[in-house]
Each structure stands twice: as structure tokens, then as C-alpha cells.
A.B. asks: 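Right, I'll just put the structure down here and ask away after.
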Amino acid sequence: MITYENIHKSFGSNHVLRGVNLTVEPGESMVIIGGSGTGKSVLIKTVLGLIQPDKGRILVDGQDVTKVKRDAFLSRFGMLFQGGALFDSMPVWQNVAFRLQRGALKRPAAEAREIAIEKLRRVGLAPEVADRFPAELSGGMQKRVSLARAIAAEPEIIFFDEPTTGLDPIMSGVINELIREIVVEMGVTAMTITHDMTSVDTIADKVAMLHRGTIQWCGPRAQMAQSGDPHVDQFVNGRAEGPIETLR
Amino acid sequence: MSASIILIVRALGRLCIDAISALGRLVLFALATLSQVFRPPFYLREFSIALLNVGYLSLPVVGLTALFTGAALALQIYSGGSRFNAPEVVPQIVAIGMVRELGPVLVGLMIAARVTSSIAAEMATMKVTEQIDALVTLSTAPMKYLVMPRVLAGLMAGPVLVAVADSIGIFGGFIVATQTLGFNPATYVLNTVNFLTSADILSSMAKGIAFGFIATLMGCYYGLNSGRGAQGVGTATKASVQAAAVLILAANFALTAVFFSA
Ligand SMILES: Nc1ncnc2c1ncn2[C@@H]1O[C@H](COP(=O)(O)OP(=O)(O)OP(=O)(O)O)[C@@H](O)[C@H]1O
Ligand SMILES: [Mg+2]
């Protein structure tokens, strides 16, 4: 269970998060929606300690994330970065198997490679890709390699930052199914950021909308259409007119 | 009038405070790095790659600079020495010039240009593209996985490179002296070997260790603290080389004072 308690974060005069309260239950798939630049990526990075909040605290299973043993704590998580963040100094399979080649989860190279190739297959990539370098792949392929890396060590909690951005509609469908499967089959707790309403429909148990630094609305996906919140309505229907201002 | 003086003093004060706090952060970073040396995990593969980059691949540029510098030194000392009728001091002065000063300083500046810049650019790019964050989420400490192997490689490759530079520099002087200045090869070698003391060689190695450490540490420090975007990478790289070069020359002065001022 992940609990955000009154999280604030500013970068200089840019007040990004202004008191976020949010709870993600174990085994639940939470989808975060919200305008570009509202702080969705910042929100998930705070859990992993990549960004320190200015105020408030985050609890994972009741424990304050600033007071846990980092190594054991981090090994419970997987993260897909918005930009992929693949290590360009190593081939694809070593990226995917990174965790399996060192530290507590270390196993023989041949086995790690096999797992990597299996994970690549799950994200729709052929075994040939395994020996290429990230820089030789298309943007969408890099995204999927990064996804494979996030799930490779079978973590309990996974963050997906825009998993389908840059993918064609069919591949988006495949990835959405995959995320759904991981949550249902493996009982993973997932937090997914997306702008893609099809993703929301496939992946989400619950949806939270971030707006102006706070959670504007949070509820089960089924209730999103009848949320009665004009912000959510505007976002879901992609209307230019509404309470969320657009600069033009 | 007095207002502008206050402004100037304030600007100077700000500069000093900034410089001192930057130095403080650097020292803390250096201590944090050193405190990791004996703590597992050790990344052998990363270390060997770093050793290859810092040490082995620096050999050509180090060798060439040392060769030409030793050769030029021989010519200068010959013509300078002739002015007070002592042209025969070439082997001795080339030896101590190379071993005490030029060998270490050349190596220091060359690895600042070659190694510091590439470490800083690589790490800054990793920072900008979130690869450093990705490392952390994969339970791997950047300090251990990226910094430690490179700094250790610098510490170890530094003295070896200096030894190579010293020898090749002396060899450059030897070639010029025996081929164009009419020195007897056997006497030249004998004079060189007899003249050098163990303190000379010790100081040379100590400088190699210190400069290897400074060069790699600066690359890591500025790389990891890079700003965002391509501009951040450029700024980090530039700053790292500047800092490495200045600190290496300052350390050279300090070490020379320690070894030879008595
Ligand atoms: N390390 C940082 N330093 C300074 N500002 C930052 C940093 N990280 C994020 N920001 C700022 O925080 C704000 C929110 O960024 P974030 O990346 O979380 O947006 P987002 O909601 O994920 O947007 P998108 O949907 O476009 O990815 C932005 O204004 C961004 O400029
Ligand atoms: Mg984002």
C-alpha cells in the first residue's frame, strides 16, 4: 500500500505539488491522469526517493520511505521511465537483465539472458533485438525494452510512466494487455501515468486526476464518466473549453 | 561612491563564499568516495573498463607529449647550459626536470583533457537522460557503480602513466643529445641513473597518484552534478576540465613544496 500524506514539492518558484493526498491499495492498478507538466512524473519519483518532497510524507506498507533500508526497499519496485532511461553503454539484454546480473538477485549470465529474452518477447520484441544497443532502436522499441527491464525482476510494485506514448495503436493494445495481466496474474500494485484514454479503460481499477498540484478527483474507473467533476469531464473528452485553462 | 564600493565588496564576498562552499562540497564528495573503497559490492567489470580507458588508452598521447617535451628540454638545456660553459649537464637536468616536474604535470594535464572530460560528459548525459535515476531504482548506487571504479582506476593508472612519461621523456632527451648534440650514449645513461635519487622517483609517483585521483574525481563530481539538457552537459564538461587542471597544478606545487623545500 502506498500512501501520500500532504506532499508538497516546488522547484524554485514553480510550485508543482501542493498537498497531494492519495492511497493506492495493494494489488490495485491506479492510473494517474492530468495535464502535461502538472507533476505526475514528479509524484511517482518521490516514492523512490529520486525527488525529495519539501513537505509531507509517503508511506509504503505503513513505513516512511525516508526511514527504510534503501536496498531492500528499492528491490521491491520496478520503474518505467518516461524517457526510457536505458543504459546506452550496454546491449539491450543486459539492460533488461540488469538486476539479475548483480546484487541479491544475481544469477548465471546464461539464465539472466534467457529471462531477458523472454521478457522482451512479452513486450513484443524479437530475440534478435537482445544484442543490439539502445541507440540502434526506434523510440517505441526503446520504450518497450525499458518496460521489459521494469518487469524483469518481478517486483511487487511497478510504476509505468506513459507506457504507450510513441507506440502504434496495436502495440499500445499489447502493452495495455500486458500491464493488465501483470496486475491480475502476479498481484502487482501498479501506478500508471497515461494520457491515453484507451489505456485508462484497459488498465485502471482506479483513476486519480492531478490538477494544480492536488488530486482533483479520485475514484473507480467505472465512475469516471459520472464523476460530476468538470475537470475530469474536460480531460476525458479532450475539450479545449472548460475549467482547465489552455494558453493559446 | 560608497554605494558602489559596497556593491564591489558584496560581489567579492559572494564570490569567496561560493568558492569556499564549492570546495567544501568537493571535499565531502571526495571523502564519500574514499569511504566506499573497502565496502562491497565491487564492480570488477566496470573497474577493468575504467582502467582500460584511463590507463591503457592514455598511453599514446602521454608517450608522445613526453617524447617531444624531453627532446625539447635537451635542446634548451644544451643551449642554456652553453651560456655558462656547462653544456654537459643535459642528462642530469633532463632527468630531474622530467621526473620531478614535467612527467607528472604532463600526465596530469593530459588525463584532465582526455579522461576528465569524457567521464564528465558521459555521466552528465546519464544524469540528463535519467540513467542515473534508473540505476538507483535498480538498487545500484551510482557512487559505487560509476564513481568508485573510475576513481580507483585513476589512482592506480596515474603513477604508471607518470613512470611511462618519465622514461619516455628521458629517452627523448637521450635521442636528441646523442644524435645531434654529440653526447656519448653510455655516459648519458650513466649520468642519468647516478643522478636521480629515490626521493625524485617517489615524488613523481606520489604526484601521479594525486593527479590520477583529482582528474577522475573531478569528472565524476561535475558529471553527477550536471544541470539539465545539452547545455548542462556542456557546462559540466567544461567546468570539470578547468577544475581538474587548476587543482592538478595547485597540488603539484603543494607536493613539490612537501618533497623538496627542506
Ligand atoms: N528536476 C527538476 N528540476 C526542475 N524542475 C523540474 C524537475 N523535474 C520536474 N520539474 C518541473 O516540474 C513540473 C512537473 O514535471 P513532470 O515531469 O512531473 O510533469 P508531468 O506531469 O509528468 O508532465 P508530462 O505529462 O508532460 O510528462 C514541470 O514544470 C517541470 O518543469
Ligand atoms: Mg511526465
Side-chain angles (χ1 to χ4, degrees), chain A residues 11-12 41-42 44-52 65 68-90 94-106 109 134-135 139 142 145-147 149-153 155 157-162, chain B residues 32 35-36 39-54 57 115 117-150 153 216 219-220 223-233:
Chain A
F11 296 99
S41 297
V42 171
I44 50 180
K45 284 183 189 168
T46 51
V47 179
L48 298 168
L50 301 174
I51 291 177
Q52 269 79 36
V65 297
V68 291
K69 282 198 75 186
R70 292 283 287 165
D71 271 5
F73 175 74
L74 285 169
S75 64
R76 299 175 57 194
F77 291 87
M79 162 111 184
L80 162 67
F81 284 85
Q82 188 169 0
L86 294 173
F87 305 123
D88 41 32
S89 61
M90 50 180 84
Q94 288 186 16
N95 264 282
V96 176
F98 192 88
R99 239 192 223 288
L100 309 174
Q101 291 190 290
R102 40 185 73 70
L105 297 172
K106 189 177 164 105
Q142 290 182 13
V145 172
S146 191
L147 183 62
R149 180 174 71 185
I151 62 175
I157 304 169
I158 316 185
F159 299 118
F160 301 101
D161 197 342
E162 306 198 7
Chain B
S35 75
Q36 302 280 330
R39 258 190 252 157
F42 306 105
Y43 296 105
L44 256 180
R45 214 181 89 86
E46 306 307 311
F47 174 66
S48 4
I49 293 174
L51 207 54
L52 189 77
N53 279 328
V54 179
L57 295 177
V115 175
S117 59
S118 87
I119 292 179
E122 183 183 1
M123 287 214 196
T125 307
M126 290 185 77
K127 168 101 191 263
V128 168
T129 55
E130 296 186 316
Q131 291 178 54
I132 305 270
D133 282 348
L135 263 187
V136 173
T137 62
L138 294 166
S139 315
T140 304
M143 205 69 186
K144 286 236 99 103
Y145 183 76
L146 297 174
V147 178
M148 210 40 242
R150 286 167 172 79
T216 44
C220 295
L224 284 182
N225 290 297
S226 152
R228 306 180 90 193
Q231 203 172 17
V233 177

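Below, chains carry the letters A, B, ... as their sequence lines are ordered, and counting in each starts from 1.
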A.B. asks: Return the option, out of B:E130, B:E122, B:Q131, with the maximum number of heavy-atom pairs under 4.5 Å with chain A.
C.D. replies: B:Q131

A.B. asks: Check whether B:I49 gets within reach of chain A through its side chain, its backbone, both or neither, counting any heavy atom under 4.5 Å.
C.D. replies: neither

A.B. asks: Start with the C-alpha distance between A:R102 and B:T140, add both sets of side-chain angles, then the distance that settles side-chain hydrogen bond (donor to acceptor under 3.5 Å, both in side chains), and finish with yes or no.
C.D. replies: CA-CA 9 Å; A:R102 40 185 73 70; B:T140 304; 5.3 Å; no

A.B. asks: Under 6.0 Å between ring centres, would you say that holds for B:Y145 and A:F98?
C.D. replies: yes

A.B. asks: Can you tell which of B:P41, B:P40, B:S139 has the highest number of heavy-atom pairs within less than 4.5 Å of chain A?
C.D. replies: B:S139

A.B. asks: Which pair of non-hydrogen atoms, one from B:A134 and one from A:A85, has the smallest distance, and what is that distance?
C.D. replies: CB-O, 3.7 Å

A.B. asks: Distance check, rounded to the nearest 0.5 Å: B:T129 atom OG1 versus A:D88 atom CG?
C.D. replies: 6.0 Å

A.B. asks: Given a strict heavy-atom distance threshold of 4.5 Å, which part of A:L105 is in contact with chain B: side chain, backbone, both, or neither?
C.D. replies: neither

A.B. asks: Please report the interatomic distance CG(B:D133) to CZ(A:F81), rounded to the nearest 0.5 Å.
C.D. replies: 5.0 Å

A.B. asks: Taking C-beta and beyond as the side chain, do A:R149 and B:L138 meet within less than 4.5 Å on heavy atoms?
C.D. replies: yes

A.B. asks: Hey, could you give me the OG1/CG distance between B:T137 and A:L80, rounded to the nearest 0.5 Å?
C.D. replies: 10.0 Å

A.B. asks: Looking at side-chain heavy atoms only, is the closest gap between B:V136 and A:L48 below 4.5 Å?
C.D. replies: no

